[in-house]
J.: 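The structure that follows is given in the form of structure tokens.
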Amino acid sequence: MGPFSPSEYFYLIGLGLIVGLYGTLIGAGGGFILMPLLLLIHPEAPPEQLTAISLAVVFFNAVAGSESYAMMRRIDYKSGLMFAVATIPGAVIGALSTSSVPRSTFDAIFGLLLLAAGVFLFFHSPLEHSDGTRPQLHHPSISRHLVTATGEEFDYNFNPLVGIAISFGVGYVSSFLGIGGGIIHVPALIFLLDFPVHVATATSHFILAIMALTGTMVHIGMGSFHEGARHTLSLSIGVLLGAPIGAYLSTRVGGSWIVRSLALALCFVGIRILSLLLQH
């Protein structure tokens, strides 16, 4: 990554705004948007350099989004802290593993994961059953009651061991790919742990802040972050502007739309990365 003109700073700030807005809206941190774009814009850059940029931007996005969600009182802090701690070992291992994978292999893994996640989400909507109940895939052992700033109440149950196991895997995959993990954690919270969609997106953002910071610190220690510092700064300015807008819009968007919007975006980006890989 060489030097770039002043106009590119504004371009990156604008890109960061879009990433922050959409990433916060769906609780995915925006890394699933940013990382594919970085792969397309910088085809010769090593994966560890791009994941370092993406994770740092996801961190700033997650912090800004979490602040907005905290004001709405939609974050399940007890569950979020428990899952965040579980992501830390996986995030460290994932960040350390990135440099050992060739760029072509990295792109193939990334594209296939995005495509698979998109197809799954599109055909598995978290809508309620006709009898008003949600599917239970496990025996719940923890109950939560959450009241938002607008007075909306949520009651749900989940198995913490399932959540901890998932979070460890999310920490590894997200740090390895530089996507922050929201595209995996949000569906897992909804489908496997029965979290309400809007609580899942807010809590996922809270978890992302801790997980992305861990992965970023590892990349800084490895020396893979410094070359992309200017990119990170410009993109982070954008996400700090876009994240509060995304959190605001999330109160006006239905849960099923959020999930299907995420699914379509994942499929599009996954197909794009795989098509470029096949052309080489």
Side-chain angles (χ1 to χ4, degrees), residues 16 18-36 38 51-72 74-95 113-114 117 121 163-164 166-190 192-193 195 197-219 232 235-236 238-240 242-247 250 258-259 262 265-266:
I18 296 173
V19 168
L21 190 158
Y22 192 66
T24 302
L25 173 64
I26 61 178
F32 78 97
I33 304 173
L34 179 59
M35 188 61 189
L38 291 175
T51 56
I53 295 173
S54 182
L55 280 177
V57 174
V58 166
F59 166 71
F60 286 107
N61 185 20
V63 169
S66 295
E67 181 180 2
S68 298
Y69 282 131
M71 295 177 64
M72 300 174 187
R74 285 166 51 180
I75 299 175
D76 180 349
Y77 289 104
K78 291 182 179 180
S79 302
L81 284 172
M82 176 171 58
F83 297 153
V85 170
T87 66
I88 291 176
V92 172
I93 298 172
L113 177 63
L114 291 184
L121 287 180
I164 290 172
I166 292 171
S167 296
F168 176 85
V170 168
Y172 175 80
V173 173
S174 63
S175 190
F176 175 74
L177 295 175
I179 56 176
I183 62 168
I184 306 172
H185 230 162
V186 171
L189 290 174
I190 295 171
L192 301 181
L193 300 183
F195 274 56
V197 173
H198 289 99
V199 176
T201 55
T203 303
S204 171
H205 237 62
F206 175 69
I207 298 169
L208 278 176
I210 300 173
M211 180 172 57
L213 176 61
T214 301
T216 300
M217 294 303 294
V218 174
H219 279 293
T232 302
L235 289 165
S236 297
V239 300
L240 290 174
I245 302 174
S250 70
I258 291 176
V259 174
L262 171 60
L266 293 178

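Residue indices begin at 1 and follow the sequence shown.
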J.: Between Phe195 and Ser204, is any pair of side-chain heavy atoms under 4.5 Å apart?
T.: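 When only atoms from C-beta onward are counted, Ser204 and Phe195 do not touch, as no gap falls below 4.5 Å.
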
J.: Which distance, rounded to the nearest 0.5 Å, do you find between the CG of Leu38 and the CD1 of Ile53?
T.: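 Those atoms lie 5.5 Å apart.
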
J.: Rounded at 0.5 Å granularity, tell me how far CZ in Phe60 sits from CG in Leu240.
T.: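 Answer rounded to 0.5 Å: 7.0 Å.
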
J.: Donor-acceptor pair, Thr203 side chain versus Gly80 backbone, under 3.5 Å?
T.: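 Here the side-chain-to-backbone pair does not exist.
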
J.: Are Thr87 and Ile207 side-chain neighbours, meaning at least one heavy-atom pair lies under 4.5 Å?
T.: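 When only atoms from C-beta onward are counted, Ile207 and Thr87 do touch, with a gap below 4.5 Å.
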
J.: Work out which heavy atom in Ser68 is nearest to a heavy atom in Ala247; give both atom names and the distance.
T.: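 So the minimum-distance heavy-atom pair works out to CB-CB, 3.4 Å.
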
J.: When rounded to the nearest 0.5 angstrom, what is the spacing between OG1 in Thr214 and CG in Leu55?
T.: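 Between atom OG1 of Thr214 and atom CG of Leu55 there are 10.0 Å.
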
J.: Just verifying a value: how many Å separate Leu193 CG and Ile166 CD1, rounded to the nearest 0.5 Å?
T.: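 Leu193 atom CG to Ile166 atom CD1 measures 5.0 Å (nearest 0.5 Å).
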
J.: Ile210 vs Val85, test: side chain to side chain contact (heavy atoms under 4.5 Å, CB included). Steps then yes/no.
T.: CA-CA 8 Å; Ile210 300 173; Val85 170; over 6 Å; no

J.: Taking all non-hydrogen atoms of both residues, which atom of Phe168 and which atom of Pro89 are closest, and how far apart?
T.: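 Closest pair (atom of Phe168, atom of Pro89, distance): CE1-CB, 3.7 Å.
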
J.: To check you understand the geometry: which heavy-atom pair defines the closest contact between Gly16 and Val239, and what is its length?
T.: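 Closest heavy-atom pair between Gly16 and Val239: O-CG1, 3.1 Å.
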
J.: Considering non-hydrogen atoms only, spot the tightest contact between Ala243 and Ala64 and give its length.
T.: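 Closest approach of Ala243 to Ala64, heavy atoms only: CB-CB, 3.6 Å.
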
J.: Search all heavy atoms of Val57 against all heavy atoms of Leu235 and return the closest pair with its distance.
T.: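 Answer, listing the atom of Val57 first, then Leu235: CG2-CB, 3.7 Å.
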
J.: Would you check, one step at a time, whether the test side chain to side chain contact (heavy atoms under 4.5 Å, CB included) holds for Phe206 with Asp76?
T.: CA-CA 9 Å; Phe206 175 69; Asp76 180 349; over 6 Å; no

J.: Would you find more than 12 non-hydrogen atoms of other residues, nucleotides or ligands less than 6.0 Å from Met217 atom CE?
T.: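 It does not: Met217 CE has 12 such atoms or fewer within range.
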
J.: Rounded to the nearest 0.5 Å, how far apart are OH of Tyr69 and NE2 of His198?
T.: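 Answer for the OH-NE2 pair, Tyr69 versus His198, is 8.0 Å.
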
J.: Out of curiosity, Ile75 CD1 to Thr201 OG1, how far, rounded to the nearest 0.5 Å?
T.: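 Between atom CD1 of Ile75 and atom OG1 of Thr201 there are 9.5 Å.
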
J.: Quick check: closest heavy atoms across His205 and Gly65, and the distance to 0.1 Å?
T.: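 Reported closest heavy-atom pair: CD2-CA, 3.5 Å.
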
J.: Quick one, Phe83 and Leu189 - any side-chain contact, counting heavy atoms below 4.5 Å?
T.: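 Phe83 vs Leu189: side chains touch.
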
